[in-house]
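So the structure is just underneath, and the comments pick up after that.
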Amino acid sequence: MTIQSLLASQLQTFFTQEFQKDIQSFEFQQTRKEFVGDITLVVFPLLRHIKTNPAVLAEKIGEYLTSNVKEIEGFNVIKGFLNLELSSAYLSDVLNKIVENPEFGKLPSNGKRLMVEFSSPNTNKPLHLGHIRNITLGYSVSKIMAFAGYEVFKTQIINDRGIHICKSMLAWQKFGNGETPESSGMKGDHLVGKYYVEFDKAYKKEIKSLVDNGLTEKEAKAKASILAQAQQMLKAWENGDEEVVSLWKTMNSWVYDGFEKTYQTLGVDFDKNYYESETYLLGKENIVDGLERGIFYKKEDGSVWIDLSDEGLDEKIVLRADGTAVYMTQDIGTAIKRVDDYNIDNMIYTVGNEQDYHFKVLFLILKKLGYDWAENLFHLSYGMVDLPTGKMKSREGTVVDADDLMEDMTKTAQQISEEHGKLDGYDEELKQKLYKTIGSGALKYFILKVDPKKRIVFNPKESVDFQGNTGPFIQYTYARIQSILRQYQWPEHQNESAYRPEEKERELLKILDQFPSVIEQSANLYSPALVANYTYELVKSFNSFYQNISILSADTEDQKYFRVKLSMATSQVIKTAFGLLGINVPDRM
RNA sequence: ACAUUUAUGGUGUAAUGGAUAGCACAAGAGUCUUCUAAACUCUAAGUUCAGGUUCAAAUCCUGAUAGAUGUACCA
């Protein structure tokens, strides 16, 4: 039970007794630094129920709480704000709650099953910076939801079929000379991506020569033989042509191996993969079924549509004239299959905001098809990651590759570490691991600390900061605490009730106390940014404490004990919080 | 054209309708014979514009301006 809910229930009693009013909600906030007190009740909203002078009412409430709630030991009133002071006993007890429970902040199970989709790559090219935002965000949300009481299943939908795949395959056949990841030493996804680019080059070259021979650009595009061959290949694939399917399987497996390595570097994993090639048929069945029930309608050319103009949206195609599936068809099938497979109550789709419209339509269609769980689908929409020069485009080679970026981050971490020179005598293998922890921590935190809705402009030249509000800043604080813990000898017995925390200590305790409610909020809003910013605030407060007050050479044993314990609790919460962001913390740095 | 979304110091960001808008980077001034200075302490600088609602607006409403995205038989 948080202090706020405890106070709320006391206040309810107070208002029933004193004014015969049943008031449900109360507005609390942290007391601002310039005033005395820890938690503040805003009295203004209560004036709607009770017509009186706010200061007088605040005074009354303050007296009641101070004498009836042992956690409150004092108060003051400034205008309509009632500032309450928490008792030292309550604050000290926060420490015990944390230290005794390694999972402090975790909310009890709510019995709900939730699937979180993220990453969702195409199998024709490697992952890039955009995927990193997606993966970091989706993975973190899945961790937060699990910590907030859901049973979570992490998944990705792999877009493993379509013309784009055939382009890579065709180019490999034409120009590859049998090159494999083994023969070239290239990571599988990069190898396949290379041929995707090769295709585009050959295609452009062919168009250019056609245009040079007097065709218009449009005619040239229609006539280009290499594209026609790719389309041919797609048809062959759909007809189950053995050779094509076998090549498809081989090249996809190269890509999967490559993705797996990237996921390992990023420290993420999935409970289940879905493949578009396995779900699009189910989608089609549902379209046919919905057509019979009059939810969809057929146009003269045979294509199937849904009319959503009553809902303020447009008409949307759900099946092509030639009967093949579109993106929507497949997503309908995938959603239904997932609910069948896992009996889930909720689902989160981590997908960029360019698809806001798509998901609006998807959820509406599922609802119209009569699936009541459609109400519980959520599109976790996030802003694009752009370069200073504009949008990233794979075909034009302007992408920031995920593997390259991770490597760069690790290198930067190494360089900065060496400048600091604090790791002398540390094992080389551990050092390498540490650089990865710091590098990826910097990148992930950089992404997660901002509101998902916001667009990120990423400048590869300026790279990611390691100072200020950053991942390494927080990791550094954690490492310093570990150093203290290594140096402290815990006493056998300790009488701890007597200690009264000082100002900096109280600050820290109050922030620690908020952790469970931060979890709750961030789960409600699907926002890792709240966890990130909370952690930052906690660390700021700790650093101020650390820098201004001596821990290991405190005046008394009691004080020393209390301060070490406070440090330990802080580091524990940092570790938990960073775990929810998918970031590791180091013992040294 | 319509829809969605964003707009906070020089830059990047924070703020369940609540007190004097918080923080970092960059700038300036300090702090290592004491637990790791990737830190700490201090200074300077900000809510796009015009109306409205409210005891109270960065936050809600209307309009304008600027950017991003979407409204494809692409995924």
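Chain naming here is simple, since letters A, B, ... match the order of the sequence lines and numbering starts at 1 in each. Note that these values count all heavy atoms, side chains included, but never hydrogens, waters or copies made by symmetry.
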A/Lys316 to A/Trp305 six-membered ring, cation-pi geometry met (6.0 Å, 45°): no
Are [X] and [Y] close enough for a salt bridge, meaning some N to O gap below 4.0 Å?
{"X": "A/Glu354", "Y": "A/Lys391", "result": "yes"}
{"X": "A/Lys235", "Y": "A/Glu238", "result": "no"}
{"X": "A/Arg506", "Y": "A/Glu85", "result": "no"}
{"X": "A/Arg32", "Y": "A/Glu34", "result": "yes"}

[X] [atom1] - [N] [atom2] separation (whole Å):
{"X": "A/Tyr382", "N": "B/A68", "atom1": "OH", "atom2": "C1'", "result": "15 Å"}
{"X": "A/Leu362", "N": "B/G70", "atom1": "CG", "atom2": "C1'", "result": "16 Å"}
{"X": "A/Asp307", "N": "B/U71", "atom1": "CG", "atom2": "C1'", "result": "14 Å"}
{"X": "A/Leu41", "N": "B/U16", "atom1": "CG", "atom2": "P", "result": "18 Å"}
{"X": "A/Ile447", "N": "B/U13", "atom1": "CD1", "atom2": "C1'", "result": "15 Å"}
{"X": "A/Lys299", "N": "B/A72", "atom1": "NZ", "atom2": "C1'", "result": "12 Å"}
{"X": "A/Phe542", "N": "B/C35", "atom1": "CZ", "atom2": "P", "result": "14 Å"}

Between [M] and [N], how far apart are the [atom1] atoms? Round to whole Å, please.
{"N": "B/A66", "M": "B/C23", "atom1": "P", "result": "34 Å"}
{"N": "B/U54", "M": "B/G17", "atom1": "C1'", "result": "9 Å"}
{"N": "B/U48", "M": "B/A29", "atom1": "C1'", "result": "34 Å"}
{"N": "B/C49", "M": "B/U65", "atom1": "C1'", "result": "7 Å"}
{"N": "B/U53", "M": "B/A44", "atom1": "C1'", "result": "36 Å"}
{"N": "B/U11", "M": "B/G46", "atom1": "C1'", "result": "12 Å"}
{"N": "B/U16", "M": "B/G52", "atom1": "C1'", "result": "24 Å"}
{"N": "B/G9", "M": "B/A72", "atom1": "P", "result": "37 Å"}

Backbone N/O of [Y] and side chain of [X]: donor-acceptor pair under 3.5 Å:
{"X": "A/Thr324", "Y": "A/Arg320", "result": "no"}
{"X": "A/Tyr534", "Y": "A/Ile511", "result": "yes"}
{"X": "A/Thr477", "Y": "A/Val539", "result": "no"}

Pairwise side-chain hydrogen bond (donor to acceptor under 3.5 Å, both in side chains) hits with a residue in residues 436-456 of chain A, at least two apart: A/Asp386-A/Arg455, A/Tyr445-A/Asn469
[X] side chain, from C-beta outward: closest of [options]:
{"X": "A/Asp465", "options": "B/C25, B/A75, B/G70", "result": "B/C25"}
{"X": "A/Val450", "options": "B/A3, B/U13, B/C35", "result": "B/U13"}
{"X": "A/Glu354", "options": "B/A75, B/C35, B/G70", "result": "B/G70"}

Can you establish whether the number of heavy atoms outside [X] located under 6.0 Å from its atom [atom1] is more than 12?
{"X": "A/Lys431", "atom1": "NZ", "value": "yes"}
{"X": "A/Arg486", "atom1": "CZ", "value": "yes"}
{"X": "A/Glu507", "atom1": "CD", "value": "yes"}

Any base atoms under 4.0 Å from [X], or only sugar-phosphate, or nothing? Heavy atoms, all strands.
{"X": "A/Asp386", "answer": "nothing"}
{"X": "A/Asp322", "answer": "nothing"}
{"X": "A/Glu537", "answer": "nothing"}
{"X": "A/Ile484", "answer": "sugar-phosphate"}
{"X": "A/Ala529", "answer": "nothing"}

Got a list of protein N/O to nucleotides 17-22 of chain B N/O distances below 3.5 Å?
{"residue": "B/G18", "atom": "N7", "partner": "A/Glu27", "partner atom": "OE2", "Å": "3.1"}
{"residue": "B/A19", "atom": "OP2", "partner": "A/Arg32", "partner atom": "NH1", "Å": "3.0"}
{"residue": "B/A19", "atom": "N7", "partner": "A/Gln29", "partner atom": "OE1", "Å": "3.4"}
{"residue": "B/A19", "atom": "N6", "partner": "A/Thr40", "partner atom": "OG1", "Å": "2.9"}
{"residue": "B/A19", "atom": "N6", "partner": "A/Asn83", "partner atom": "OD1", "Å": "3.2"}
{"residue": "B/A19", "atom": "N1", "partner": "A/Asn83", "partner atom": "OD1", "Å": "3.4"}

Mind running a 4.0 Å heavy-atom check of residues 163-170 of chain A against RNA chain B and sending the residues that fall below it, in number order? none
Hey, can you pull the residues of residues 48-56 of chain A with a non-hydrogen atom under 4.0 angstrom from RNA chain B? none
Angle between ring planes, [X] versus [Y], binned at 30° and 60°: parallel, tilted or perpendicular?
{"X": "A/Trp237", "Y": "A/Tyr280", "answer": "tilted"}
{"X": "A/Phe458", "Y": "A/Phe446", "answer": "perpendicular"}
{"X": "A/Phe199", "Y": "A/Tyr203", "answer": "parallel"}

A/Phe378 ring center within less than 6.0 Å of A/Tyr349 ring center: no
Are the aromatic ring centres of A/Phe81 and A/Phe44 under 6.0 angstrom apart? yes
Examine B/A7: is either OP1 or OP2 under 4.0 Å from a nitrogen or oxygen in the side chain of A/Lys454? Give yes or no. yes
So, does A/Arg320 get its side chain near the phosphate of B/C74, meaning an N or O under 4.0 Å from OP1 or OP2? yes
Begin from the C-alpha positions of A/Ile306 and A/Ile365 and carry the test side-chain contact (heavy atoms from CB on, under 4.5 Å) through to its verdict. CA-CA 8 Å; A/Ile306 187 163; A/Ile365 292 178; 4.0 Å; yes
By the rule that syn is within 90° of 0, classify the base conformation of B/C32 as syn or anti. syn
Positive for side chain to side chain donor-acceptor pair (under 3.5 Å) with A/Tyr382, one of A/Thr136, A/Asn134, A/Asn353: A/Asn134
Between which residue ranges does RNA chain B form stems of three or more consecutive Watson-Crick or G-U wobble pairs, both distances under 3.5 Å? B:1-7 with B:65-71, B:10-13 with B:22-25, B:27-31 with B:39-43, B:48-52 with B:60-64
Considering heavy-atom distances to RNA chain B, does A/Tyr536 or A/Lys391 have its closest nucleotide positioned more toward the 5' end? A/Tyr536
Give me, pair by pair, the N or O atoms of the protein and of nucleotides 38-45 of chain B that are less than 3.5 Å apart, along with how far apart they are.
{"residue": "B/A38", "atom": "OP1", "partner": "A/Lys422", "partner atom": "NZ", "Å": "2.0"}
{"residue": "B/A38", "atom": "OP1", "partner": "A/Tyr476", "partner atom": "OH", "Å": "3.0"}
{"residue": "B/A38", "atom": "OP2", "partner": "A/His420", "partner atom": "NE2", "Å": "2.8"}
{"residue": "B/A38", "atom": "O4'", "partner": "A/His420", "partner atom": "NE2", "Å": "3.3"}
{"residue": "B/A38", "atom": "N6", "partner": "A/Ser417", "partner atom": "OG", "Å": "3.0"}
{"residue": "B/A39", "atom": "OP1", "partner": "A/Gly468", "partner atom": "N", "Å": "3.2"}
{"residue": "B/A39", "atom": "O3'", "partner": "A/Asn543", "partner atom": "ND2", "Å": "3.3"}
{"residue": "B/A39", "atom": "O2'", "partner": "A/Arg480", "partner atom": "NH2", "Å": "3.1"}
{"residue": "B/A39", "atom": "O2'", "partner": "A/Gln547", "partner atom": "NE2", "Å": "2.7"}
{"residue": "B/C40", "atom": "O4'", "partner": "A/Gln547", "partner atom": "NE2", "Å": "3.4"}
{"residue": "B/U41", "atom": "OP1", "partner": "A/Ser544", "partner atom": "OG", "Å": "3.1"}

